[in-house]
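Accompanying notes for the structure given below.
Nothing here was measured: the structure is a model prediction, and the numbers come from that model.
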Amino acid sequence: MSRVTARRKTLRLTPDGQIRRPDTLAVEEPLELRVDGRSLTVTMRTPGSDIDLAHGFLLGENIIGSRDDIVSARYCAGTDENGQNTYNVLDIQLRTPTPVPARNFLTTSACGLCGKTALDEVRTRTRFPLPATGPLLDTAVLATLPGELRSRQSVFDATGGLHAAGLFTADGVALAVREDVGRHNAVDKVIGWALRENRVPATDLVLIVSGRASFELVQKAVMAGIPVLGAVSAPSSLAVDLAEESGLTLAGFLRGDTMNIYTGAHRLRLPDTAAANGATLRH
């Protein structure tokens with residue numbers, strides 16, 4: 001399996017002078033996903049948890065709905081200049097032949113939507129409509145989850161260059177945390193974990209992401225039946241629109257004891273002061 005970090009030479013400039021030394025970087029490599037031998041997409045990702053990534057991606061694309069839809073996932077032959085397997089081509093065999101999207105698009109580590117031709121393509125109907133209620137999540141617990149996520153980012157500690165996503169219970173227990181150069185890949189990896197653990201629809205779980213909440217991350221949460229999404233940074237306007245439309249609880253700017261609640265406040269147990277005043281928490 002490929003390494004998740006690599007060393008590269010660097011010239012560091014400081015007020016005290018110049019230092020030549022190696023730096024530890026997050027690895028970014030292409031992963032080609034094939035379905036029944038047919039190339040579906042190429043995503044730029046950090047190697048590791050590729051099987052989870054494939055499960056999460058295929059769920060988000062509405063190609064599968066459960067772990068039983070996949071018979072096998074295997075790496076195809078592919079070697080580098082040293083003759084070693086690159087583990088960069090993964091073929092998924094479906095139990096039942098299923099029409100897959102006719103497009104073949106490149107997914108970059110910056111934006112999983114790149115190559116999609118229209119907004120309607122990503123407004124995929126979920127197999128798991130979100131429940132009107134539950135889980136009831138205390139905002140004091142929600143406020144701690146970014147710190148819990150950060151404490152499990154071991155590769156970020158070494159490189160400073162990765163996003164993270166984590167699935168938590170409503171009482172704050174971390175179930176799965178994944179890192180990747182692409183925020184959408186990190187989310188696919190934890191959702192793929194949940195699918196393989198037979199926990200989709202994940203109606204009792206909370207998804208936390210280390211960066212902003214884009215439209216696509218909201219869509220992935222909805223597709224997996226996850227009712228609560230929290231982000232360290234801001235959501236986009238379209239992310240809020242989709243969250244409102246889908247009944248998702250969306251919180252942003254989760255920093256310390258402050259946050260913005262954009263949609264679905266009925267799933268959150270607010271502090272007494274906020275509840276009394278009818279206030280929205282803010283950053």
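Between the CZ atom in R150 and the CD1 atom in I208 there is a gap of 15.5 Å [rounded to 0.5 Å]. Interatomic distance, L31 CG to R45 CZ, rounded to the nearest 0.5 Å: 4.5 Å. Taken from CH2 in W193 to CG in L167, the straight-line distance is 6.5 Å, to the nearest 0.5 Å. Interatomic distance, N260 CG to L254 CG, rounded to the nearest 0.5 Å: 9.0 Å. A distance of 12.5 Å separates CD1 in I191 from CG in L58, rounded to the nearest 0.5 Å. I261 contributes atom CD1, which lies 6.5 Å from atom OG1 of T139 (distance to the nearest 0.5 angstrom).
Remark: R178 engages D52 in a salt bridge (charged side-chain N to carboxylate O under 4.0 Å, His left out) (not counting sequence neighbours). The side-chain hydrogen bond (donor to acceptor under 3.5 Å, both in side chains) check on R152 picks up E148, with sequence neighbours excluded. With sequence neighbours excluded, no residue forms a side-chain hydrogen bond (donor to acceptor under 3.5 Å, both in side chains) with D36. In this structure, the side-chain contact (heavy atoms from CB on, under 4.5 Å) partners of A143, at least two apart in sequence or on a different chain, are M259. Scored by the side-chain hydrogen bond (donor to acceptor under 3.5 Å, both in side chains) test, T169 finds D171 as partners (sequence neighbours excluded). Applying the side-chain contact (heavy atoms from CB on, under 4.5 Å) test to T263 and every residue at least two apart in sequence or in another chain returns V240, A243, E244, L250. Listed by chain and residue number, L207, I226, L248 satisfy the side-chain contact (heavy atoms from CB on, under 4.5 Å) test with A221 (two or more places apart in sequence, or in another chain). For R127, the side-chain hydrogen bond (donor to acceptor under 3.5 Å, both in side chains) criterion is met by N62, not counting sequence neighbours. Not a single salt bridge (charged side-chain N to carboxylate O under 4.0 Å, His left out) links R74 to another residue, sequence neighbours left out. The side-chain contact (heavy atoms from CB on, under 4.5 Å) check on P30 picks up V42, M44, N88, with sequence neighbours excluded.
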Point to revise | Audit row: R267, T249, side-chain hydrogen bond (donor to acceptor under 3.5 Å, both in side chains) steps and yes/no | key: CA-CA 7 Å; R267 290 195 185 92; T249 297; 2.9 Å; yes
**Study point:** Stepwise side-chain contact (heavy atoms from CB on, under 4.5 Å) test for L94 and I63
**Key:** CA-CA 9 Å; L94 300 181; I63 295 172; 4.1 Å; yes
**Study point:** Audit row: S39, E32, side-chain hydrogen bond (donor to acceptor under 3.5 Å, both in side chains) steps and yes/no
**Key:** CA-CA 7 Å; S39 182; E32 179 185 356; 2.8 Å; yes
Exercise for review: Given side-chain contact (heavy atoms from CB on, under 4.5 Å), test R255 with S233 step by step and report yes or no.
Suggested key: CA-CA 8 Å; R255 299 172 183 176; S233 295; 3.5 Å; yes
Review point. Would T43 and N185 count as a side-chain hydrogen bond (donor to acceptor under 3.5 Å, both in side chains) if you check the C-alpha gap in whole Å, the side-chain angles of each, and the deciding distance to 0.1 Å?
Key: CA-CA 8 Å; T43 184; N185 288 336; 3.2 Å; yes
Point to revise | Full working for side-chain contact (heavy atoms from CB on, under 4.5 Å) between I64 and L195 | key: CA-CA 10 Å; I64 63 172; L195 189 69; 3.5 Å; yes
Exercise for review: Quick one: do L175 and L205 satisfy side-chain contact (heavy atoms from CB on, under 4.5 Å)? Show the steps, please.
Suggested key: CA-CA 9 Å; L175 300 180; L205 300 184; 3.6 Å; yes
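When all heavy atoms of V141 and A170 are compared, the closest pair comes out as CG1-O, 3.7 Å. Contact record, A54 with L33: CB-CD2, 3.9 Å, taken as the closest heavy-atom pair. Nearest approach of A186 to A164, heavy atoms of both residues: CB-C, 4.1 Å. Residues F253 and A234 approach most closely at CZ-CB, 3.4 Å, considering heavy atoms. In terms of heavy atoms, Q219 sits closest to G60 at NE2-O, 4.0 Å. Closest heavy-atom contact between T203 and P227: O-CG, 3.3 Å.
Taking 4.5 Å as the limit, every side-chain heavy atom of F168 sits out of range of all side-chain heavy atoms of V173. Side chains of E28 and T46 form no contact here, defined as non-hydrogen atoms less than 4.5 Å apart. Looking at heavy atoms from C-beta onward, L238 lies out of side-chain contact with L242 at the 4.5 angstrom threshold. D138 is not listed as a side-chain neighbour of L270, based on a closest heavy-atom distance of 4.5 Å or more. Counting heavy atoms from C-beta outward, C76 and L90 have side chains that stay 4.5 Å or more apart. Between L217 and H184 there is a side-chain heavy-atom pair separated by less than 4.5 Å. With a 4.5 Å cut-off on side-chain heavy atoms, S210 and P146 do not count as touching. V200 has its side chain within reach of F128: a pair of non-hydrogen atoms, C-beta onward, lies under 4.5 Å apart.
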Got a list of side-chain donor-acceptor pairs under 3.5 Å for residues 10-27, not counting sequence neighbours?
residue, atom, partner, partner atom, Å
T14, OG1, D16, N, 3.2
T14, OG1, G17, N, 3.2
T14, OG1, G17, O, 3.0
T24, OG1, R7, NH1, 2.6

With a 3.5 Å cut-off and sequence neighbours excluded, list the donor-acceptor pairs that the side chains of residues 65-73 form with protein atoms.
residue, atom, partner, partner atom, Å
S66, OG, D68, N, 3.3
R67, NH1, R196, O, 2.9
D69, OD2, G65, N, 2.7
D69, OD2, S66, N, 3.1
S72, OG, Q93, OE1, 3.4

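Under a 3.5 Å cut-off, the side chain of S49 and the backbone N or O of K189 do not form any donor-acceptor pair. For K220 (side chain) and F57 (main-chain N/O), no donor-acceptor pair under 3.5 Å exists by modelled atom type.
Using a cut-off of 4.0 Å between Lys/Arg side-chain N and Asp/Glu carboxylate O, D204 and R199 are scored as salt-bridged.
Side-chain heavy atoms closer than 4.5 Å link hydrophobic residues (I, L, V, M, F, W, Y) into clusters, and following such links, even through other members, never connects V232 to F215.
For the 3.5 Å distance criterion, the side chains of D91 and Y75 fail to qualify, holding no donor opposite an acceptor.
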